[in-house]
Amino acid sequence: MCGIVGYIGPNDATPIILDGLKRLEYRGYDSAGVAVIQDGQIGMRRDVGKLANLENRVREQPLSGPVGIGHTRWATHGQPSERNAHPHISMNGEYVVVHNGIVENYLDLRERLRQHGVVFQSDTDTEVIVHLVEMYARQGCDLTEATRLASLELRGAHAIVTMSAAHPDRLVAVRIGNAGGVVLGLGHGEMFIASDIPAILEHTRRLVFLESRQMATVTRDGYRVQTLAQEPVDAEIHDIAWDPVSAARGEYRHFMQKEIFEQARSLTDTIRGRIDFQTGRVHLPDLNLSEDDARRLKRLVTVACGTSAYSGLVGKFMIEGLARLPVEVDYGSEYRYRDPILDRDCAVLAITQSGETVDTLAAMEEAREKGARLWSIVNVVGSQAMRIADGYITMQAGPEIGVASSKAFTASLVDQYLLALHLGQLRGMIDAAQSAEHTSAIARLPDLVGKVLDHAGHVEALAQRLADYTNFLFLGRGINYPIALEGALKLKEISYIHAEGYPAGEMKHGPIALIDENMPVLAIALKDAVYDKMISQIEQAKARRGVVVAVATEGDEFIRTKADHVLYVPELPPLLSPIVAVIPLQLLAYYIAVRRGCDVDQPRNLAKSVTVE
């Protein structure tokens, strides 16, 4: 969950950057670094572990100057180490970069740069960026243009800040997609850059937020924003209120809206440090699982409540498909009341955002008493569900304030996909070629989620047309049936509209009686093995005058002839498709609730953490 801080102005950049990074510590990291322009040259300090280690390094080897950048890193490519920590520096020592995101095509870029004589000093994907910047600078480009051209070569979603001793009057920031935010802080004779608002709130409340495919050249006296196509941008200045809640919410109207739009970044953070993209191996050290233990497992039981239970239903497809391990999914609130059959060859997986959900904790205690191996997927570090488990996976989604879960849901899906790959590799069910294929697909995920979010305006317009209906039916099949359940849950939670999720194949066994012109039907009809069957369900709904909204795969024009409205998502392998399919449903629920004047962040009768039975 990387953090970025930059400063240019009359003051010493080092303490400002270190303080800003400290305010981003909640995001998690495994190493940190800072670089400043000192006496016309770039000085850099990096260290592994907590910021205190970096601060000690700076005290021992002082570093000061009026312009600098800093970073806290959560490893993706290359293990946590000083050589892999950001910032990364060019071969001539004149350019440095910090970066959030995953360079999907870094292997191709790395090989090309090697052929041009570049000697790499780290194992990271990020290092290719600084060498590309230096390459373009050697061709006569200034820092802004060199950064722009380098950014155009990258695949994936990114937040990038560059600095150069050859151009000490500026910093350059770029945002591509939604892997990380880029915020400019406007001061008096000084400017700030950060990946998140809290890093710079002590210095300024006047902020500019870069949008996807925008870049900013920042000097001590101001800034210039343009697109990567060199079109000028008149960026809006946001005056953030002084109260902590408004400051944390930033440019968004509600926390739920903010958390939906944070998902590309939260998924990047969830992936970080857990995949070796060169070998395709997944590393989940906190799970405490050996190869022998994995091979002895006969069954996995997932226990969860609400949104997390629907996440577990998706995870069942992932784990059974990749690890060939049977999976049962139970509601935590019901599990302990049926005397479940468990033994030491069974693992129980608890999924809980807060880690304090009482019904899920009770199910975990039941599993422990019966001798099962106990795992948890949690978002809140140090929570009870993490402490009592034999092993755990942290979602890395960051704080989720809105009661209706969004980014924790998709983070838990990615965590289960990683668990499925990890189990499959340990159990010998996935070979190296298959691993590489799966991890390559997951590397593309944050960027594709960002592209879905780029079309939020289309969903908002549709919400205006649907907000007055009082009943909805959500249909899905296979791995996307649980997404129908989750879409219906989101709508009922925050808009108070009655909504029902149903397996599409069961529609004829009862719910079809409800369908008429007053019952919109939302069908998840992606191009997968059950596509033709979903088309059949849509035709049956239309035959009964139902208003049909389809979530469909990009490029599917045929479905426009069947559905009244279509929300497109990018194509992904079937096991990853639910992660993009759920995003339009989250947005639709949010915009309908706003249209109806509901309290989106704190819906009536609901609590974020259910700590009573």
Side-chain angles (χ1 to χ4, degrees), residues 74-79 102 104 107 125 156 266-302 311-327 329 347-351 373 375-378 389-397 409-449 478-480 482 528 572-580:
W74 192 270
T76 54
H77 301 68
Q79 296 300 307
I102 296 173
E104 295 174 10
L107 287 174
D125 58 332
S266 65
L267 296 186
T268 302
D269 293 338
T270 298
I271 296 166
R272 287 187 190 281
R274 291 170 171 165
I275 300 175
D276 183 331
F277 286 98
Q278 290 182 301
T279 66
R281 299 294 295 185
V282 172
H283 304 289
L284 298 174
D286 295 324
L287 204 61
N288 298 319
L289 183 69
S290 69
E291 184 174 314
D292 288 342
D293 291 337
R295 290 178 181 273
R296 274 199 302 269
L297 286 177
K298 298 294 190 295
R299 185 166 56 106
L300 186 142
V301 177
T302 298
S311 170
L313 288 172
V314 177
K316 172 183 172 70
F317 285 85
M318 295 172 172
I319 295 166
E320 290 188 344
L322 295 176
R324 307 308 299 161
L325 182 69
V327 178
V329 182
V348 170
L349 172 66
I351 305 175
R373 181 182 295 270
W375 295 331
S376 62
I377 294 177
V378 298
D390 300 311
Y392 58 85
I393 305 171
T394 53
M395 294 181 194
Q396 303 293 351
F409 177 75
T410 52
S412 68
L413 294 183
V414 171
D415 284 329
Q416 288 177 91
Y417 188 80
L418 294 176
L419 174 61
L421 284 174
H422 186 55
L423 286 169
Q425 290 167 350
L426 291 177
R427 290 164 61 84
M429 300 297 174
I430 303 174
D431 61 26
Q434 292 169 322
S435 293
E437 183 179 343
H438 289 301
T439 54
S440 176
I442 205 169
R444 297 170 48 231
L445 185 59
D447 186 41
L448 297 182
V449 167
I479 196 170
N480 282 303
D528 57 19
L572 271 169
L575 292 181
L576 288 174
S577 65
I579 300 169
V580 292

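Owing to the predicted nature of the structure, the values given are computational and were not obtained by experimental measurement.
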Which atom names give the shortest non-hydrogen contact between [X] and [Y], and what distance separates them?
{"X": "Leu418", "Y": "Val282", "answer": "O-CG1, 3.6 Å"}
{"X": "Leu423", "Y": "Ala294", "answer": "CD2-CB, 4.4 Å"}
{"X": "Ile430", "Y": "Ser435", "answer": "CG2-OG, 3.3 Å"}
{"X": "Pro578", "Y": "Ile479", "answer": "CG-CG1, 3.7 Å"}
{"X": "Ser311", "Y": "Ser412", "answer": "OG-OG, 2.7 Å"}
{"X": "Glu291", "Y": "Leu426", "answer": "CG-O, 3.2 Å"}

Please determine whether side-chain contact (heavy atoms from CB on, under 4.5 Å) holds for the pair Gln278 and Leu107, giving the CA-CA distance in whole Å, both sets of side-chain angles, and the decisive distance to 0.1 Å.
CA-CA 8 Å; Gln278 290 182 301; Leu107 287 174; 3.9 Å; yes

So, do [X] and [Y] sit near enough that their side-chain heavy atoms are less than 4.5 Å apart?
{"X": "Leu300", "Y": "Trp375", "value": "yes"}
{"X": "Ile377", "Y": "Met395", "value": "yes"}
{"X": "Ile351", "Y": "Asp415", "value": "no"}
{"X": "Gln416", "Y": "Val314", "value": "no"}
{"X": "Asp286", "Y": "Thr394", "value": "no"}
{"X": "Tyr417", "Y": "Thr270", "value": "no"}
{"X": "Ile579", "Y": "Leu448", "value": "no"}

Hey, are Asp447 and Arg444 close enough for a salt bridge, meaning a charged N less than 4.0 Å from a carboxylate O?
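Not counted as a salt bridge, because no side-chain N and carboxylate O are separated by less than 4.0 Å.
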
So does Arg295 pair up with Asp292, basic N to acidic O under 4.0 Å?
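A salt bridge is absent here (no side-chain N lies under 4.0 Å from a carboxylate O).
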
Would Val580 and Val449 count as a side-chain contact (heavy atoms from CB on, under 4.5 Å) here? Give the steps.
CA-CA 6 Å; Val580 292; Val449 167; 4.1 Å; yes

Tell me if a side-chain donor or acceptor on [X] pairs with a main-chain N or O of [Y] at a distance below 3.5 Å.
{"X": "Asn288", "Y": "Asp390", "answer": "yes"}
{"X": "Arg427", "Y": "Leu297", "answer": "yes"}
{"X": "Thr279", "Y": "Arg281", "answer": "yes"}
{"X": "Gln434", "Y": "Asp431", "answer": "yes"}

Measure the [atom1]-[atom2] distance between [X] and [Y] for me, rounded to the nearest 0.5 Å.
{"X": "Leu576", "Y": "Leu445", "atom1": "CG", "atom2": "CG", "answer": "6.0 Å"}
{"X": "Glu320", "Y": "Leu325", "atom1": "CD", "atom2": "CG", "answer": "8.0 Å"}
{"X": "Arg274", "Y": "Leu284", "atom1": "CZ", "atom2": "CG", "answer": "6.5 Å"}
{"X": "His438", "Y": "Gln425", "atom1": "NE2", "atom2": "CD", "answer": "9.0 Å"}
{"X": "Phe317", "Y": "Leu413", "atom1": "CZ", "atom2": "CG", "answer": "12.5 Å"}
{"X": "Met318", "Y": "Leu419", "atom1": "CE", "atom2": "CG", "answer": "10.5 Å"}

Please evaluate residues Val327 and Leu349 with respect to the criterion side-chain contact (heavy atoms from CB on, under 4.5 Å), reporting the C-alpha separation (whole Å), side-chain torsions for both, the decisive distance (0.1 Å), and the verdict.
CA-CA 10 Å; Val327 178; Leu349 172 66; over 6 Å; no

